[in-house]
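Here's the structure, in structure tokens; my notes come after.
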Amino acid sequence: MENSEEKETIELKSRSDLNKRLLTAMLDPEQVIFSNSLFVVLEDKYPKSEWHFLVVPWKDIPTIREVTLDDLELLKMMDMFGREIAYENIGNNSFWMGYHVEPTMYRLHLHVLSTDFCGIGMNSIRHWNSFTTPFFVESERVIQDLEKYGRIDLPSTLQCKNFLATPLKCYKCSHMPKNVNALNKHLLVHKNNC
DNA sequence: GTTCTAGAAC
DNA sequence: GTTCTAGAAC
């Protein structure tokens, strides 16, 4: 008989190990770029773009799905500070800020990244689609939704799964690279033309 | 989140 | 033969 309880325990353990990694980084002065009483700013360990920061609140919120109206002010502060970091480092407005709807690390983190996607960590279809489909929900819209409706309109788990499996498509043009390698080469062309 | 790897795709 | 992807392991 399959021991699903045991399997679940293992999953929870590995899940908490993953969560600890982000918490460990938050507590390591060498990895922290900025911190205040509300959140910490880190550099993503496996950057997907040339610039890739994470704004991580101290409040233990698992994912964007668990965010409520009570968190609106916190999210606004994270958004404001993320914007500052981006202007300071990235400039030219060529950056995105937002959340993965179903991340693998269950501690809320706001991605702040330049839009070149030429980072060393950009090496799978999942990575690409996690930023270029509605799997990625922009910080601005999260705040707007909370202000207007008191809740955030998010894609379902099934929709998320489908978004991650979307065939590769460049978000800057209509090119559809046949694989990740071709995508990375294609992105370099855009980067050099900018 | 990444790394590893078996099997699919080329 | 090599490259690529998806899923398990971590």
Side-chain angles (χ1 to χ4, degrees), chain A residues 1-28 30-33 35 39-67 78 82 85 96-139 154-155 157-171 175-188:
Chain A
M1 195 177 77
E2 202 180 336
N3 194 338
S4 62
E5 207 172 292
E6 189 181 321
K7 197 182 165 204
E8 199 175 314
T9 309
I10 292 166
E11 272 175 18
L12 282 173
K13 185 181 175 293
S14 73
R15 185 181 292 182
S16 78
D17 284 348
L18 285 175
N19 297 345
K20 266 187 217 154
R21 286 184 207 182
L22 209 45
L23 191 58
T24 304
M26 292 171 81
L27 297 170
D28 178 3
E30 286 194 11
Q31 295 187 58
V32 172
I33 292 172
S35 90
F39 53 77
V40 166
V41 180
L42 306 166
E43 255 180 289
D44 194 295
K45 201 176 169 191
Y46 302 92
K48 305 303 180 283
S49 274
E50 209 161 58
W51 298 95
H52 191 171
F53 303 100
L54 301 177
V55 185
V56 195
W58 290 111
K59 184 175 177 184
D60 191 2
I61 306 170
T63 79
I64 194 69
R65 286 202 195 282
E66 286 76 31
V67 165
M78 288 164 64
I85 288 269
W96 287 348
M97 298 206 311
Y99 303 88
H100 286 153
V101 178
E102 296 197 345
T104 35
M105 287 191 291
Y106 292 94
R107 179 175 273 273
L108 188 70
H109 48 286
L110 170 66
H111 291 274
V112 179
L113 75 171
S114 54
T115 54
D116 51 89
F117 290 99
C118 295
I120 50 158
M122 227 311 291
N123 48 35
S124 76
I125 296 169
R126 185 197 156 90
H127 290 152
W128 177 252
N129 284 333
S130 75
F131 288 101
T132 60
T133 69
F135 185 89
F136 183 76
V137 52
E138 289 194 69
S139 173
L154 297 170
T157 296
L158 179 61
Q159 284 174 316
C160 284
K161 201 181 158 198
N162 290 333
F163 285 137
L164 291 180
T166 306
L168 289 174
K169 186 187 171 307
C170 179
Y171 79 91
H175 183 54
M176 295 186 76
K178 66 174 194 278
N179 56 42
V180 180
N181 223 339
L183 170 66
N184 286 335
K185 280 181 187 156
H186 175 77
L187 289 168
L188 277 176

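Here is the naming used below: chain letters follow the sequence lines, and residue numbers restart at 1 for every chain.
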Under 4.0 Å from OP1 or OP2 of dG1(B): is there any side-chain N or O of His100(A) that close?
yes
Would you mind classifying the nucleic acid contact of Leu22(A) as base, sugar-phosphate or nothing, using non-hydrogen atoms under 4.0 angstrom?
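If one applies the 4.0 Å heavy-atom cut-off, Leu22(A) turns out to touch nothing in the nucleic acid.
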Base, sugar-phosphate, or nothing: which does Lys48(A) touch, judged by heavy atoms less than 4.0 Å apart?
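Here Lys48(A) touches the backbone only, sparing every base.
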Does the side chain of Leu154(A) come within less than 4.5 Å of Tyr99(A)'s, by heavy atoms?
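The answer is no; the side chains never approach within 4.5 Å.
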With side chains defined as the heavy atoms from C-beta onward, is the minimum distance between Asp44(A) and Leu113(A) less than 4.5 Å?
no
Working to the nearest 0.5 Å, report the span between CD of Glu102(A) and NZ of Lys161(A).
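One gets 11.0 Å once the value is rounded to the nearest 0.5 Å.
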Could you state the [atom1]-[atom2] distance from [X] to [N], rounded to the nearest angstrom?
| X | N | atom1 | atom2 | result |
| --- | --- | --- | --- | --- |
| Met122(A) | dT5(C) | CE | P | 11 Å |
| Arg126(A) | dG7(C) | CZ | P | 12 Å |
| Lys45(A) | dG1(B) | NZ | P | 13 Å |
| Ile120(A) | dT3(B) | CD1 | C1' | 14 Å |
| Leu168(A) | dT5(C) | CG | P | 7 Å |
| Leu183(A) | dT5(C) | CG | C1' | 14 Å |
| Trp128(A) | dC4(C) | CH2 | C1' | 18 Å |
| Asn184(A) | dT5(C) | CG | P | 10 Å |

Compute the centroid of each ring, for Phe131(A) and then for His111(A), and state whether the two points are separated by less than 6.0 Å.
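Ring centres of His111(A) and Phe131(A) closer than 6.0 Å.
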Which nucleotide wins on minimum distance to the side chain of Asn181(A), given the candidates dC4(C), dG1(B), dT5(C)?
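Comparing dC4(C), dG1(B), dT5(C) against the side chain of Asn181(A), the answer is dC4(C).
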Please determine, for the side chain of His127(A), which listed nucleotide (dT2(B), dG1(B), dC4(C)) has the closest atom?
dT2(B)
With distance as the sole criterion, is a donor-acceptor pair present between the side chains of Ser49(A) and His52(A) under 3.5 Å?
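No, because no side-chain N or O of Ser49(A) sits under 3.5 Å from a partner of the opposite role on His52(A).
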Heavy atoms of Leu108(A) and Pro57(A) approach each other most closely as O-CD, 3.3 Å
Close residues, residues 130-139 of chain A, relative to DNA chain B [heavy-atom separation under 4.0 Å]:
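Listed by number, there are none.
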Donor-acceptor pair, distance only, cut-off 3.5 Å: does the side chain of Ser114(A) make one with the backbone of Trp51(A)?
yes
